[in-house]
Amino acid sequence: MKNLLLIATIIGLSACASDPVLYGPQEQSRDLYDSDVDGVINARDNCAQTQDQAVTDNDGCPAATNIPHADVRVIDFGFDKDTLTPQEQVKVIELAEDMKQNTQTQLYLIGDTSVEGTDEYNRKLAQRRVKTVTDILIANGVNSSRFQTETYEYPIHMPKNLAGRDTRLIAILSIPDSTGYQKQWQLYGN
């Protein structure tokens with residue numbers, strides 16, 4: 001009796017298509033490809049030419065964002081000096097001219113020193129160097145509300161490639177009008 005039940009179950013489970021045309025290969029009704037490789041299929045993609053690696057919404061459109069552009073300039077001071085050579089003064093004057101032309105820029109000035117001397121002496125020297133540069137900027141028409149100052153002890157805006165003590169002042173212009181696209185984070189990318 002068990003064998004008969006097993007045969008009936010196997011026969012009951014085997015099914016063949018009664019109409020092979022109905023169940024054969026079908027034409028694809030939607031474009032399921034992702035031509036611009038943004039993670040959204042072409043059938044739903046409203047922005048067919050998404051920039052490479054851009055973060056997209058559900059419609060495949062990239063998220064526009066203002067990405068400030070940083071223009072880093074190094075102003076060199078002589079060893080144990082808080083005055084500038086004429087060449088370095090020209091750099092600061094050019095910086096002031098750039099700021100006057102680009103009225104939305106913000107400037108971060110980071111006073112730095114070499115490692116010789118006590119921390120207290122070097123902190124005061126870094127502050128005097130910052131003051132030297134800010135005085136030149138103000139004298140050349142830059143409003144003091146457009147810049148922030150830091151010293152080497154707490155360099156919030158210091159670029160990693162310039163980290164380390166030296167006899168200089170770092171000026172970082174942050175230009176906010178650079179529009180770009182937010183990029184996706186990826187394990188193997190930059």
Side-chain angles (χ1 to χ4, degrees), residues 38 47 50-57 61-190:
D38 63 357
C47 298
T50 305
Q51 289 76 10
D52 188 32
Q53 300 178 358
V55 173
T56 59
D57 59 15
C61 296
T65 184
N66 282 337
I67 302 169
H69 169 72
D71 182 6
V72 179
R73 302 184 190 184
V74 176
I75 301 164
D76 290 311
F77 284 84
F79 180 77
D80 199 26
K81 302 275 189 229
D82 61 6
T83 57
L84 292 171
T85 64
Q87 291 171 312
E88 296 302 310
Q89 286 178 13
V90 167
K91 283 185 184 179
V92 178
I93 293 168
E94 288 172 352
L95 182 62
E97 292 302 315
D98 288 347
M99 289 188 72
K100 288 192 290 188
Q101 288 177 1
N102 300 305
T103 58
Q104 299 301 310
T105 58
Q106 182 70 31
L107 178 65
Y108 303 98
L109 296 170
I110 306 167
D112 204 356
T113 66
S114 62
V115 295
E116 294 82 12
T118 66
D119 282 341
E120 182 61 23
Y121 180 83
N122 284 334
R123 186 179 59 76
K124 288 180 179 177
L125 176 59
Q127 289 173 338
R128 289 194 310 269
R129 288 177 173 176
V130 168
K131 184 173 179 349
T132 297
V133 173
T134 58
D135 288 348
I136 295 171
L137 290 171
I138 291 169
N140 283 279
V142 178
N143 190 317
S144 63
S145 66
R146 294 190 52 208
F147 51 83
Q148 294 179 23
T149 62
E150 302 170 13
T151 58
Y152 67 91
E153 304 155 301
Y154 305 107
I156 298 167
H157 295 92
M158 178 76 79
K160 288 181 183 178
N161 63 332
L162 292 178
R165 305 287 295 284
D166 206 349
T167 56
R168 63 181 180 236
L169 182 131
I170 291 90
I172 303 169
L173 268 173
S174 180
I175 306 167
D177 58 351
S178 305
T179 301
Y181 293 97
Q182 186 178 2
K183 286 199 159 198
Q184 293 176 344
W185 180 87
Q186 38 173 298
L187 180 63
Y188 301 106
N190 291 334

Rounded to the nearest 0.5 Å, how far apart are CD1 of Ile136 and CD of Glu88? 10.0 Å
List the atom of Asn122, the atom of Gly117, and the distance in Å for their closest heavy-atom pair. ND2-O, 3.5 Å
Nearest 0.5 Å please: distance from the CE atom of Met99 over to the CG atom of Leu107. 4.5 Å
Checking the side chain of Glu150 only, and the main-chain atoms of Ile110 only, is there a donor and an acceptor separated by less than 3.5 Å? no
Determine whether Asp119 and Arg123 satisfy the following criterion, salt bridge (charged side-chain N to carboxylate O under 4.0 Å, His left out), listing intermediate values before the conclusion. CA-CA 6 Å; Asp119 282 341; Arg123 186 179 59 76; over 6 Å; no
Do the non-hydrogen side-chain atoms of Thr113 and Arg129 ever get within less than 4.5 Å of each other? yes
side-chain hydrogen bond (donor to acceptor under 3.5 Å, both in side chains), that's the test. Do Glu116 and Ser114 meet it? Break it down for me. CA-CA 6 Å; Glu116 294 82 12; Ser114 62; 2.6 Å; yes
Is the shortest heavy-atom distance from the side chain of Lys91 to the side chain of Asp76 under 4.5 Å? yes
Could you report the tightest heavy-atom contact between Thr134 and Thr149, atom names first, then the distance? CG2-CG2, 4.1 Å
Could you state the interatomic distance from CG (Leu137) to OG (Ser144), rounded to the nearest 0.5 Å? 10.5 Å
Using side-chain heavy atoms (C-beta onward) and a distance below 4.5 Å, is Lys124 in contact with Glu120? yes
Exercise: identify the closest heavy-atom pair between Arg146 and Thr105: NH2-OG1, 2.7 Å
Could you check Thr132, Leu125, Asp112 and say which one makes a side-chain contact (heavy atoms from CB on, under 4.5 Å) with Phe77? Thr132
Residues at least two apart in sequence or cross-chain that pass salt bridge (Lys or Arg N to Asp or Glu O under 4.0 Å) with Arg128, listed by chain then number, are Asp82
Does the pair Asp80 and Tyr121 meet the rule for a side-chain contact (heavy atoms from CB on, under 4.5 Å), with working shown? CA-CA 10 Å; Asp80 199 26; Tyr121 180 83; 2.5 Å; yes
dist Gln89:CD -> Thr83:OG1 (nearest 0.5 Å) comes out at 8.5 Å
Got a sec, which residues hit salt bridge (Lys or Arg N to Asp or Glu O under 4.0 Å) with Lys100, two or more places apart in sequence or on another chain? Glu97
